[in-house]
**Student:** 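Quick one: this structure, given as structure tokens, is what I'll be asking you about.
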Amino acid sequence: MPVRKAVIPAAGLGTRFLPASKAVPKEMLPVVDQPGIQYVVEEIVRSGIEDVLIVTGRSKKAVEDHFDRNPEVEAALEAKGKHDEADTLRRISEMAHVHFVRQDEPRGLGHAVGMARWHVGDEPFAVLLPDDLTHPRATLLADMIKTHEETGGSVVGVKRFPGKEISLYGAIDPAGEPDDRGVVSVRDLVEKPAFSDAPSDMGIIGRYVLTPSVFDHIARLKPGAGGELQLTDALREMCRTEPFHAVVLDSGRFDTGNKLDWLRATVELALEHPELGRDFREVLREIAARERLTA
Ligand code: G1P
């Protein structure tokens, strides 16, 4: 069965990005000139999926407004002859069929994904965490869907995190080295292991293609790391009974929930921006020259 639906859990409180995320949902913070969550929806659309379910919570109304039409602003732009800008706004609401469901309580990522059960039904689906951005040229999600089609099982996107950083992620225990396409079979998964216990340096980077059996495993979850219902714990059960693979992404991933990585994403994507890139490169050169003088 093709992967036709994607789920974005976006109910998190965003405490890593305070105070910016106090009144603005963290998913709406701009990366260059569009909110982070828009890059994630664009990534979904690029992979061929048109149906997106966003799991929101209280105080996330701006996320819903962003993917809705805004006829007043569109009319104001048209009246001023700014047709391209009006088209850009319309494109956001038309690029996918975006649906919303609210997570009633913040009980963890496993619980948030479980909220998608009635929308997804009995078919494979993708999950993308909105704090994790991949470079627009990365084909990770499409590669993961291909691996799912070849194996019939679930697939996670991973990156190597040499050093203690692996403790911030769900780590996989791979059955050997990745093949030349970066695909490796997964034997086990551990959520946020201590560095000394990590089964490998490969951590999940917020990209999943899952079979619908995940919902039964989520329904049976007990609180795990941090007292939350962890998606990784459900996947751990799945990899014992179904084919389970990881696809390794070498570069082009940003953790925009982290202030420093958000800055890096902003700079790297601004440098490639069709209108801003050239001028921004000059700005960066000036700053770098000044920093060298005062270093
Ligand atoms: C979540 C997942 C973790 C994954 C990470 C990727 O953790 O639980 O397995 O590696 O996202 O960003 P969080 O960062 O929400 O604590």
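These numbers come from the heavy atoms of this one structure, side chains and all, not from hydrogens, waters or symmetry mates. One-based numbering, in listed order, for ligands and for the atoms of each.
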**Student:** Among all protein heavy atoms in this structure, tell me which lies nearest to atom 13 (P) of ligand 1, with the distance rounded to 0.1 Å.
**Tutor:** K192 NZ, 3.6 Å
**Student:** Taking K146 first and then E149, would you say they form a salt bridge - that is, a charged N and a carboxylate O separated by under 4.0 Å?
**Tutor:** no
**Student:** Side chain or backbone, does G170 bring an N or O within less than 3.5 Å of an N or O on ligand 1?
**Tutor:** yes
**Student:** Under 3.5 Å, is there a donor-acceptor pair between the side chain of T56 and the main chain of A11?
**Tutor:**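 Side chain of T56 to backbone of A11, a donor-acceptor pair under 3.5 Å: no, none is there.
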**Student:** Got more than 12 heavy atoms from elsewhere within 6.0 Å of NZ, K259?
**Tutor:** yes
**Student:** Suppose I only count heavy atoms of Y169 and a 4.0 Å limit; which atoms of ligand 1 are within that range?
**Tutor:**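 Near Y169, meaning under 4.0 Å from one of its heavy atoms, ligand 1 has 6 (C), 10 (O).
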**Student:** Report yes or no: does a heavy atom of T232 sit under 4.0 Å from some atom of ligand 1?
**Tutor:**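 Per 4.0 Å heavy-atom rule, T232 contacts ligand 1.
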**Student:** Short check: is a protein heavy atom less than 4.0 Å from atom 15 (O) of ligand 1?
**Tutor:**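 Given the 4.0 Å cut-off, atom 15 (O) of ligand 1 does not count as touching protein heavy atoms.
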**Student:** At what distance is the nearest protein heavy atom to atom 12 (O) of ligand 1, and which residue and atom is it?
**Tutor:** D132 OD2, 2.8 Å
**Student:** Hey, is L129 touching ligand 1 through its side chain, its backbone, both or neither, going by heavy atoms under 4.0 Å?
**Tutor:**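 Under 4.0 Å from ligand 1, L129 contributes side-chain atoms alone.
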**Student:** Do R90 and D87 meet the salt-bridge criterion of a basic N to acidic O distance under 4.0 Å?
**Tutor:**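 Salt bridge between D87 and R90, a charged N being under 4.0 Å from a carboxylate O: yes.
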**Student:** Let me know which of H148, M1, E123 forms a side-chain contact (heavy atoms from CB on, under 4.5 Å) with T211.
**Tutor:**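 Exactly one pass, corresponding to H148.
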**Student:** Considering only NZ, NE, NH1 and NH2 on the basic side and carboxylate oxygens on the acidic side, decide whether R187 and D173 come within less than 4.0 Å.
**Tutor:**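 Looking at D173 together with R187, the answer is yes, because their closest N to O distance falls below 4.0 Å.
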**Student:** For ligand 1, which atoms have a heavy atom of Q230 less than 4.0 angstrom away?
**Tutor:**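 Those atoms are 8 (O).
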**Student:** Are more than 12 heavy atoms, taken from residues, nucleotides or ligands other than L260, located less than 6.0 Å from that residue's CG atom?
**Tutor:**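 No, because the 6.0 Å sphere around CG of L260 holds 12 heavy atoms or fewer from other groups.
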**Student:** With atoms numbered from 1 as shown, which atoms in ligand 1 lie under 4.0 angstrom from a non-hydrogen atom of G206?
**Tutor:**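 This gives 6 (C) as the contact atoms.
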**Student:** Is the contact between I204 and ligand 1 made by the side chain, the backbone, both, or neither, using heavy atoms and a 4.0 Å cut-off?
**Tutor:**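 Contact part for I204 vs ligand 1: both backbone and side chain.
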**Student:** If you have a sec, work out which protein heavy atom is nearest atom 9 (O) of ligand 1 and how many Å separate them, to one decimal?
**Tutor:**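 Checking every protein heavy atom, the shortest distance to atom 9 (O) of ligand 1 gives E191 OE1, 2.7 Å.
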**Student:** Any salt bridge linking K26 with D131? Criterion: basic side-chain nitrogen under 4.0 Å from a carboxylate oxygen.
**Tutor:**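 Salt bridge flag = yes for D131 with K26.
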